[in-house]
Novice: 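This is the structure I want to talk about, given as structure tokens.
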Number of protein chains: 2
Amino acid sequence: MARTGGTTRAATAAVDSLDFALDRGSPVPLYYQLAQQLEAAIEHGALAPGNLLGNEIDLSTRLGLSRPTVRQAIQSLVDKGLLVRRRGVGTQVVHSQVKRPLELSSLYDDLESAGQGPTTQVVRNEREPASPDVAAALGIAEGSEVIVLERLRLTHGQPVALLCNYLPATLLELDSARLESTGLYRMMRTAGITLHSAHQTIGARSATAEEAARLDEEEGAALLTMQRTAYDDTGRPVEYGTHIYRASRYAFDFQLLVRP
Amino acid sequence: MARTGGTTRAATAAVDSLDFALDRGSPVPLYYQLAQQLEAAIEHGALAPGNLLGNEIDLSTRLGLSRPTVRQAIQSLVDKGLLVRRRGVGTQVVHSQVKRPLELSSLYDDLESAGQGPTTQVVRNEREPASPDVAAALGIAEGSEVIVLERLRLTHGQPVALLCNYLPATLLELDSARLESTGLYRMMRTAGITLHSAHQTIGARSATAEEAARLDEEEGAALLTMQRTAYDDTGRPVEYGTHIYRASRYAFDFQLLVRP
DNA sequence: GAGTGGTCTAGACCACAAT
DNA sequence: TTGTGGTCTAGACCACTCG
């Protein structure tokens, strides 16, 4: 029986039949344009899991790009976990049970993007002298002025989390109204603070009577706790937070990539 | 007053005074050798936080390498969060409160490297037909044979966690004795299984009477829970686990990097 | 042996930041 | 204006996998 396409083998270079639109006039780097279009092709199914990408040389000549440029595009998708390279074999689309490597930022402004219609109530937004542990976490002098932020997160009108954050008072102004609509991290970004890294600790404990009351739980109910210190790209701590979540209504959910 | 070095400015290229030993005969890539030595210099203080690395061109000529090679070395450290590049400014060592971006693998074989002298007892190591949810998680047919593994983790003789894992029975042989000394992931790696990614969910709940008894807690005590599905680089699920941890003795602790 | 990715070179021009 | 990183090119050779 005759076959028409190049699909005789189980996995063939399906890229051959794809069109890529590269705009050399664009300020967007060529490798990035290519990476985006490859990612789109994968997500949208034009490049199916297991498909070989075809060798880099051919691809680069076909696209009118140099090989390093094509490699840079491919590498960025490998880093995202969408592609796998095997020496002597080729590059294939990951046979993805693997959902798209969820933005790690979801661990930052958690529920923000969860699409559950989360709401935030700013319960407290004041300045006060730093307590010893807050000062230690932020690397500032004890008694320095810090912004104290207390927020209640709700989904479907039900409380989910109680977030308490501390920021050096000199960093920015925090308008409560905007905080409720925009989120803390977006406000910091807007203020020119570029986040670089964060250290997090996730634990659990039983709810105290007061916590239970504020979160609409029973005393002794299991709570998830998270403490986080975030740093900007100079290594300066810019935020310290201690959060508690109702374990009955929330869990941390994320993807890990194994670095080779 | 005369100064000898180039240290007049606050942050100067301290790299200039460093010696790098690059071995072109080695099978280790040059960029990797350089990256390792830079990392060592940072960790060991020869390159202090805030220090500029000095421009890439000079560095490459001084080292007898091409610029792309030097860039590749630097880029790998940027990815690790140790360096920051600023266009028009230079590359500097991150002013690190930021501890070394803990191996994410610690989230896999958690306590393994925690240096607390962890012990593992294999409580159960059998084969049985897959239950519906296990079959779903591993993407195999319900009733297929799976390996069921139950382990108890102890530190200082105290139970810390109860780990329950499921693996497709065809994947490998699991020797209980070696499991206790080597760890599950190392055994999988040895069996030629290359881990690629994992999906994790961390939550909390109160201990049942049985769980409490096995973990030496009181009934109702807060427990941390973790469910994980791990995939190899073909996207095939190779392990599913549900773990519980005593919240009074364990917390997840990790570093996040914000991707630019 | 043929084909693949992995590494490396020696240039070039551009965009951005600081002065 | 000067210096930095960001991007890009057109080659080259090597190491590995597979048939």
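To find a chain, count down the sequence lines: A is the first, B the second, and so on, and within it residues start at 1. Given the structure is predicted, the values throughout are model-derived calculations rather than measurements.
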Novice: In residues 25-35 of chain A, which residues come under 4.0 Å of DNA chain D by heavy atom?
Specialist: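 Those residues are A:Pro29, A:Leu30, A:Tyr31.
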Novice: Side chains of B:Asp253 and A:His199: does their closest heavy-atom pair fall under 4.5 Å?
Specialist: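 Yes; the side chains approach each other to less than 4.5 Å.
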Novice: What residues, two or more places apart in sequence or in another chain, satisfy salt bridge (charged side-chain N to carboxylate O under 4.0 Å, His left out) together with B:Glu142?
Specialist: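 Salt bridge (charged side-chain N to carboxylate O under 4.0 Å, His left out) check on B:Glu142 returns nothing, list empty.
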Novice: Collect all protein-nucleotide pairs involving nucleotides 16-19 of chain C in which both atoms are nitrogen or oxygen and the distance is under 3.5 Å.
Specialist:
{"residue": "C:dA17", "atom": "O4'", "partner": "B:Arg87", "partner atom": "O", "Å": "3.4"}

Novice: Output the distance between atom CD (A:Gln227) and atom CD1 (A:Ile202), rounded to the nearest 0.5 Å.
Specialist: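 That separation rounds to 10.5 Å.
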Novice: Less than 4.5 Å apart, any side-chain heavy atom of B:Leu83 and any of B:Leu53?
Specialist: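 They are in contact (side-chain heavy atoms under 4.5 Å apart), so the answer is yes.
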Novice: Between A:Leu195 and A:Tyr185, is there a side-chain heavy-atom distance shorter than 4.5 Å?
Specialist: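 The answer is yes, as the side chains (C-beta and beyond) meet within the 4.5 Å cut-off.
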Novice: Are any non-hydrogen side-chain atoms of B:Leu77 and B:Ile74 less than 4.5 angstrom apart?
Specialist: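 Side chain of B:Leu77 against side chain of B:Ile74, heavy atoms only: no contact under 4.5 Å found.
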Novice: Looking at B:Arg178, I'd like to know if its CZ atom is crowded, meaning that more than 12 non-hydrogen atoms belonging to other residues, nucleotides or ligands lie closer than 6.0 Å.
Specialist: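 12 or below, so no.
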Novice: Mind running a 4.0 Å heavy-atom check of residues 63-75 of chain B against DNA chain D and sending the residues that fall below it, in number order?
Specialist: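 Hits under 4.0 Å, by residue number: B:Arg67, B:Arg71.
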Novice: Taking only residues two or more places apart in sequence or in another chain, which ones pass side chain to side chain donor-acceptor pair (under 3.5 Å) with A:Asp175?
Specialist: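 None.
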Novice: Does a donor on one side chain sit under 3.5 Å from an acceptor on the other, for B:Glu239 and B:Asn165?
Specialist: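 Yes, side-chain donor-acceptor contact under 3.5 Å.
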Novice: Please find the earliest and latest nucleotides of DNA chain D, in the 5' to 3' direction, that have an atom within less than 4.0 Å of any heavy atom of chain B.
Specialist: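 Contact span on the strand: D:dG3 to D:dT7.
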Novice: CD1 of A:Ile42 to NZ of A:Lys80: how many Å apart, nearest 0.5 Å?
Specialist: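 One gets 10.0 Å once the value is rounded to the nearest 0.5 Å.
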Novice: Once rounded to the nearest 0.5 Å, what's the spacing between atom OG of A:Ser76 and atom CZ of A:Arg71?
Specialist: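 Nearest 0.5 Å value for the OG-CZ distance: 12.0 Å.
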Novice: Please report the closest heavy-atom contact between B:Thr229 and B:Tyr240, naming both atoms and the distance.
Specialist: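 B:Thr229 and B:Tyr240 have their closest heavy atoms at OG1-CD1, 3.5 Å.
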Novice: List the steps, then state whether side-chain hydrogen bond (donor to acceptor under 3.5 Å, both in side chains) holds for B:Asn125 with B:Ser176.
Specialist: CA-CA 7 Å; B:Asn125 181 357; B:Ser176 289; 3.0 Å; yes
Novice: Rounded to the nearest angstrom, tell me the gap between atom CG in B:Asp233 and atom P in C:dG5.
Specialist: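 B:Asp233 atom CG is separated from C:dG5 atom P by 15 Å.
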Novice: Rounded to the nearest Å, what distance is computed from the CD atom of residue A:Gln92 to the P atom of nucleotide C:dT4?
Specialist: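 Computing the A:Gln92:CD to C:dT4:P distance gives 13 Å.
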